[in-house]
A.B. asks: 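My questions will all concern the structure given below.
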Amino acid sequence: MRAPALYSAAGAMLLTTLSAAPAGSTGAVAPGADERHGTTVAVARAEAAGLTFGNCPKKHGLPDSVKCGTVSVPLDYAHPDGKQIKLTVSRMRATHKDPHNSKRRVPSQGALVYNPGGPGASSLYFPLIGVLPAWKRLAGAYDLVGYAPRGVGPSAPLSCQDPKQLAKGPSHAPTYPSESYKKERIARAKAYARGCAQRTGSALRHYNSLNNARDLDVLRAALGQEKLTFMGASYGTYFGAVYATLFPSHVRRMVFDSAVNPDPAQVWYRNNLAQSAAFEGRWEDFREWVAKHHDVYGLGDTSDEVLRNYEKARARLAVKPAGGKVGTGQLQEAFLQTGYYDDYWPARAQALSAYLKGDAKPLVELAAPATEAAAAGEDENSSAVYTAVECNDAPWPTDWAVWDRDNTRLARVAPFETWDNVWMTLPCAYWQAPRQEPVDVRTGPGELPPILILAAERDAATPYDGALEMHRRLAGSVLVTERDAGTHGIAYGPNTCVNGHLDAYLLEGRLPARRAACEGHPEPKPERPGDPEAKKLRRQTDTNPGGRPQETAAARLPH
């Protein structure tokens, strides 16, 4: 791969010329003493009540070894005696087993709470990760705890539109949208924002990162933990950092895996611009890998040739969707995943190759939209939470001209993801709930126990600058970098060096120097058509690449 870079030099230079703040945005509101008092009240109640675990509802499909319960939190922390909502929590007790020494009983270290990001992702299934080899040492020492944050799944779920609208395909996603297409998407964004307001009413404003952090402290108290041990990935690093800022004395250990840039000026409009720029570099990484394996895929022996073949597929799908289900929108969504996980590279390359050779089946299997009602409902819910949290968290430009100017300029050097990212967040321009003032994430020396930040140098979803900024803002933190790699979420993945630092920290409280580096993990091996293991591998990596807990695909910004 190429030398490490956050994104292209042109993209980086261009980002400095784009709007420094969300011009034309509505005024934001800052939380006050009422919310602080309400949090204290809610935490005291949770500590007194505790959390009762029993069998999980059958609809979750969890085994008997995982138990479930609920914890009540105020919808509005300024009114702790008002409406309460219930967060669903899952837990698997520590095994107390040492996978390397069957005679040793491992002492308990309490609960480890995990959040996989989003916003809009649930970790209810997280405790199951303890059966995987890389996680067994943690599972021996910790109760593994997952939960559905407010608005997600069974926890007072949000909805902004009929889920059936998401299940429809094929759709069109032009790389360079026409003026008429932009007007169509503006109308859809306005309708979506109206739908969120109409379906949720005045409660909509209370789904934000500040409340996610407060909920986490209530959960800590309900679990009977004096101090919190937490692992957050992607967006989970952001509200985890908000938690660390609000409740530094409540922190035991924290791992931030693929850190979001917490600078208030970046949240969230400019973070989206930076992400779009970074995806361009990661998209080129994928194409260069495919070109190195031209003998397998036949898609060209240079990055540009691979791109031309991808565009050839786009042109065909624009005229005739594959299987009547996969248009350019579905193609974009499927190949966007190559920017998150290089585990996905072989299956995507093989599907593209097969499609151009006349076999559309692999592409349809990968990219066709979900048709099951349950899957469509989950995607709609995660998208609703994603939108609500990001729109509520900070001011956004309310003038379309700002969005159009910034993203037209960016798309000249970073076309792959730019406009697709715009359509995902454009409802924030027309949002009908008040905005929060972003928290100034920051701790001074000695205020917070040392925390561990993990980052891959070429991560597109959370560009590396975000990890550097998080490291600067949290005094005493330690940054471990996976060099020349771009996987989003590196905890307990294929890099044994990274995993060694994780084990040392979470199991023994040991950290390296202020910064440490690990060489990147090996590139994936090409998947040859006809390989009997190919379909099995494709299914495994699409479900859970690298054995890592995942955020939902719909909640794509991690943020």
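If you read the sequence from its start, that first residue is 1, and numbering goes on from there.
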A.B. asks: Please name all residues satisfying side-chain hydrogen bond (donor to acceptor under 3.5 Å, both in side chains) with Asn392, sequence neighbours left out, ordered by chain then number.
C.D. replies: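 So Asn392 forms a side-chain hydrogen bond (donor to acceptor under 3.5 Å, both in side chains) with Trp431.
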
A.B. asks: Give the intermediate values and the outcome of side chain to side chain contact (heavy atoms under 4.5 Å, CB included) for residues Val267 and Glu390.
C.D. replies: CA-CA 8 Å; Val267 178; Glu390 292 215 351; over 6 Å; no

A.B. asks: Using the rule given for side chain to side chain contact (heavy atoms under 4.5 Å, CB included), can you reason through Tyr142 versus Thr229, listing the C-alpha separation, both sets of side-chain angles and the distance that settles it, and then say yes or no?
C.D. replies: CA-CA 9 Å; Tyr142 287 96; Thr229 303; 3.9 Å; yes

A.B. asks: Take atom CD of Glu226 as the centre, draw a 6.0 Å sphere, and report whether it contains more than 12 heavy atoms from other residues, nucleotides or ligands.
C.D. replies: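 12 or below, so no.
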
A.B. asks: Any idea how Trp135 and Tyr492 line up, ring-wise: parallel (<30°), tilted (30 to 60°), or perpendicular (>60°)?
C.D. replies: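 The arrangement is tilted - the two ring planes meet at 30° to 60°.
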
A.B. asks: Indicate yes or no for a side-chain donor-acceptor contact from Gln84 to the backbone of Gly82 under 3.5 Å, with no hydrogens or angles considered.
C.D. replies: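 Yes: the side chain of Gln84 pairs with the backbone of Gly82.
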
A.B. asks: Roughly how far apart are Leu144 CG and Met92 CE, rounded to 0.5 Å?
C.D. replies: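 With rounding to 0.5 Å, CG (Leu144) is 7.0 Å from CE (Met92).
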
A.B. asks: Please round to the nearest 0.5 Å and tell me the distance separating atom OH of Tyr207 and atom CG of Leu75.
C.D. replies: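 So the OH of Tyr207 and the CG of Leu75 are separated by 5.5 Å.
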
A.B. asks: Taking all non-hydrogen atoms of both residues into account, name the closest pair between Arg205 and Pro434 and its distance.
C.D. replies: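 Closest pair (atom of Arg205, atom of Pro434, distance): CZ-CG, 3.7 Å.
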
A.B. asks: Kindly state whether the ring of Phe286 and the ring of Tyr341 have centres lying under 6.0 angstrom apart.
C.D. replies: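 Not close enough - the centres of the two rings lie 6.0 Å or further apart.
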
A.B. asks: Looking only at heavy atoms, which two atoms of Leu124 and Ser90 are closest? And how far apart?
C.D. replies: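 So the two residues come closest at O-OG, 2.7 Å.
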
A.B. asks: Would you say the side chains of Arg348 and Thr338 form a donor-acceptor pair under 3.5 Å?
C.D. replies: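 Not at all, the side chains of Arg348 and Thr338 share no donor-acceptor pair under 3.5 Å.
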
A.B. asks: Do Leu454 and Phe256 have side-chain heavy atoms sitting under 4.5 Å apart?
C.D. replies: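 They are not in contact (no side-chain heavy atoms under 4.5 Å apart), so the answer is no.
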
A.B. asks: Which value, rounded to the nearest 0.5 Å, describes the distance between Leu363 atom CG and Gln350 atom CD?
C.D. replies: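 Going from CG on Leu363 over to CD on Gln350, the span is 10.0 Å.
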
A.B. asks: Testing the 3.5 Å rule here: is there a donor-acceptor pair between the side chains of Asn271 and Tyr238?
C.D. replies: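 No pair is found: no donor N or O on one side chain lies under 3.5 Å from an acceptor on the other.
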
A.B. asks: I would like to know whether Asp215 and Tyr77 meet side-chain hydrogen bond (donor to acceptor under 3.5 Å, both in side chains); could you show each step before the answer?
C.D. replies: CA-CA 10 Å; Asp215 291 348; Tyr77 277 92; 2.6 Å; yes

A.B. asks: Have Asp34 and His37 got a donor and an acceptor in their side chains that come within less than 3.5 Å?
C.D. replies: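 No, no side-chain donor-acceptor pair sits under 3.5 Å.
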
A.B. asks: State which residues pass side-chain contact (heavy atoms from CB on, under 4.5 Å) with Ala467; sequence neighbours excluded, sorted by chain then number.
C.D. replies: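 Ala259, Ile453, Ala455, Tyr464, Leu479.
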
A.B. asks: Taking Gly489's backbone N and O only, do any of them form a donor-acceptor pair with Ser258's side chain (distance below 3.5 Å, no angle check)?
C.D. replies: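 Confirmed, Ser258 side chain pairs with Gly489 backbone.
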
A.B. asks: List the atom of Cys56, the atom of Val66, and the distance in Å for their closest heavy-atom pair.
C.D. replies: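 What the structure gives for the nearest pair is SG-O, 3.4 Å.
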
A.B. asks: Kindly indicate whether the side chain of Val255, heavy atoms from C-beta on, has any atom under 4.5 Å from the side chain of Ile451.
C.D. replies: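 A side-chain contact is absent here, since even the closest heavy-atom pair is not under 4.5 Å.
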
A.B. asks: Counting distance only, does the side-chain N/O of Arg150 pair as donor-acceptor with the main-chain N or O of His206 below 3.5 Å?
C.D. replies: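 Yes; judged by distance alone, with no hydrogens or angles, the pair exists.
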
A.B. asks: Could you tell me which residues satisfy side-chain hydrogen bond (donor to acceptor under 3.5 Å, both in side chains) with Asp98, sequence neighbours excluded, listed by chain and number?
C.D. replies: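 side-chain hydrogen bond (donor to acceptor under 3.5 Å, both in side chains) list for Asp98, sorted by chain: Arg104.
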
A.B. asks: Do Gln330 and Ser171 have side-chain N/O donor and acceptor atoms under 3.5 Å apart?
C.D. replies: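 Present: a donor and an acceptor within the cut-off.
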
A.B. asks: So which atom in Ala141 and which in Leu507 form the shortest heavy-atom distance, rounded to 0.1 Å?
C.D. replies: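 That closest heavy-atom pairing would be CB-CD2, 3.8 Å.
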
A.B. asks: Quick one about Tyr235 and Ser209 (side-chain donor to acceptor, distance below 3.5 Å, no hydrogens or angles considered), yes or no?
C.D. replies: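 Distance-only check passes for Ser209 and Tyr235.
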
A.B. asks: Please list, chain by chain and in numerical order, all residues satisfying side-chain contact (heavy atoms from CB on, under 4.5 Å) with Asp217, sequence neighbours excluded.
C.D. replies: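 Counting only residues at least two positions away or on another chain, Asp217 forms a side-chain contact (heavy atoms from CB on, under 4.5 Å) with Val43, Arg220, Tyr243, Phe247, His250.
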
A.B. asks: If we count only N and O atoms by modelled type, under 3.5 Å, do the side chains of Ser123 and Asn115 hold a donor and an acceptor together?
C.D. replies: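 The criterion, which ignores hydrogens and geometry beyond distance, is not satisfied for Asn115 and Ser123.
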
A.B. asks: Please lay out, stage by stage, how Gln436 and Asp393 fare under the test side-chain hydrogen bond (donor to acceptor under 3.5 Å, both in side chains).
C.D. replies: CA-CA 5 Å; Gln436 293 285 335; Asp393 266 3; over 6 Å; no

A.B. asks: What I want to check is whether the side chains of His96 and Ser108 have a donor and an acceptor closer together than 3.5 Å.
C.D. replies: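 Note: His96 and Ser108 side chains miss the donor-acceptor criterion.
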
A.B. asks: Tell me every residue that passes side-chain contact (heavy atoms from CB on, under 4.5 Å) with Arg185, counting only those two or more places apart in sequence or in another chain.
C.D. replies: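 For Arg185, the residues satisfying side-chain contact (heavy atoms from CB on, under 4.5 Å) (neighbours in sequence not counted) are Tyr181, Arg188, Trp423.
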
A.B. asks: Measuring from Lys86:NZ to Thr70:OG1, what's the distance to the nearest 0.5 Å?
C.D. replies: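 Between atom NZ of Lys86 and atom OG1 of Thr70 there are 4.5 Å.
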
A.B. asks: Taking side-chain contact (heavy atoms from CB on, under 4.5 Å) as the definition, give me every residue that meets it alongside Pro248, ordered by chain and number, with sequence neighbours left out.
C.D. replies: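 Here the qualifying residues are Leu448.
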
A.B. asks: If we only count heavy atoms from C-beta on, is the Phe239 to Leu216 side-chain gap below 4.5 Å?
C.D. replies: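 They are in contact (side-chain heavy atoms under 4.5 Å apart), so the answer is yes.
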
A.B. asks: Quick check: closest heavy atoms across Glu380 and Ser159, and the distance to 0.1 Å?
C.D. replies: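 Looking at all heavy atoms of both residues, the shortest contact is OE1-OG, 3.1 Å.
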
A.B. asks: Determine, step by step, whether Lys67 and Asp143 satisfy the salt bridge (charged side-chain N to carboxylate O under 4.0 Å, His left out) criterion, reporting the C-alpha distance in whole Å, the side-chain angles of both residues, the deciding distance to 0.1 Å, and the verdict.
C.D. replies: CA-CA 11 Å; Lys67 302 301 180 182; Asp143 295 347; over 6 Å; no

A.B. asks: Using a strict cut-off of less than 4.0 Å between a Lys/Arg side-chain nitrogen and an Asp/Glu carboxylate oxygen, indicate whether Asp162 and Arg199 qualify as a salt bridge.
C.D. replies: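 Looking at Arg199 together with Asp162, the answer is no, because their closest N to O distance does not fall below 4.0 Å.
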
A.B. asks: For Phe53 and Val89, run side chain to side chain contact (heavy atoms under 4.5 Å, CB included): C-alpha distance rounded to whole Å, both residues' side-chain angles, the deciding distance at 0.1 Å, then the answer.
C.D. replies: CA-CA 9 Å; Phe53 286 94; Val89 184; 4.1 Å; yes

A.B. asks: Do the side chains of His488 and Ser234 get nearer than 4.5 Å, heavy atoms only?
C.D. replies: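 Counting from C-beta outward, Ser234 and His488 do come under 4.5 Å.
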
A.B. asks: Between Leu87 and Leu219, does the side chain to side chain contact (heavy atoms under 4.5 Å, CB included) criterion hold? Intermediate values first, please.
C.D. replies: CA-CA 9 Å; Leu87 309 184; Leu219 175 57; 5.9 Å; no

A.B. asks: Enter the distance from Ser72:OG to Ile85:CD1 here, rounded to the nearest 0.5 Å.
C.D. replies: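 These two atoms lie 9.0 Å from each other.
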
A.B. asks: What's the separation between atom CG in Asp257 and atom OG1 in Thr237, rounded to the nearest 0.5 Å?
C.D. replies: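 Reported value, rounded in 0.5 Å steps: 8.5 Å.
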
A.B. asks: Is it the case that the side chains of Arg253 and Gln109 hold a donor-acceptor pair, with the cut-off being a distance below 3.5 Å and no angle test?
C.D. replies: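 A pair is found: one side chain offers a donor N or O, the other an acceptor, under 3.5 Å apart.
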
A.B. asks: Considering all heavy atoms of both residues, which atom of Thr328 and which atom of His172 are nearest to each other, and what is their separation?
C.D. replies: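 Smallest heavy-atom distance, with atoms named: OG1-ND1, 3.0 Å.
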
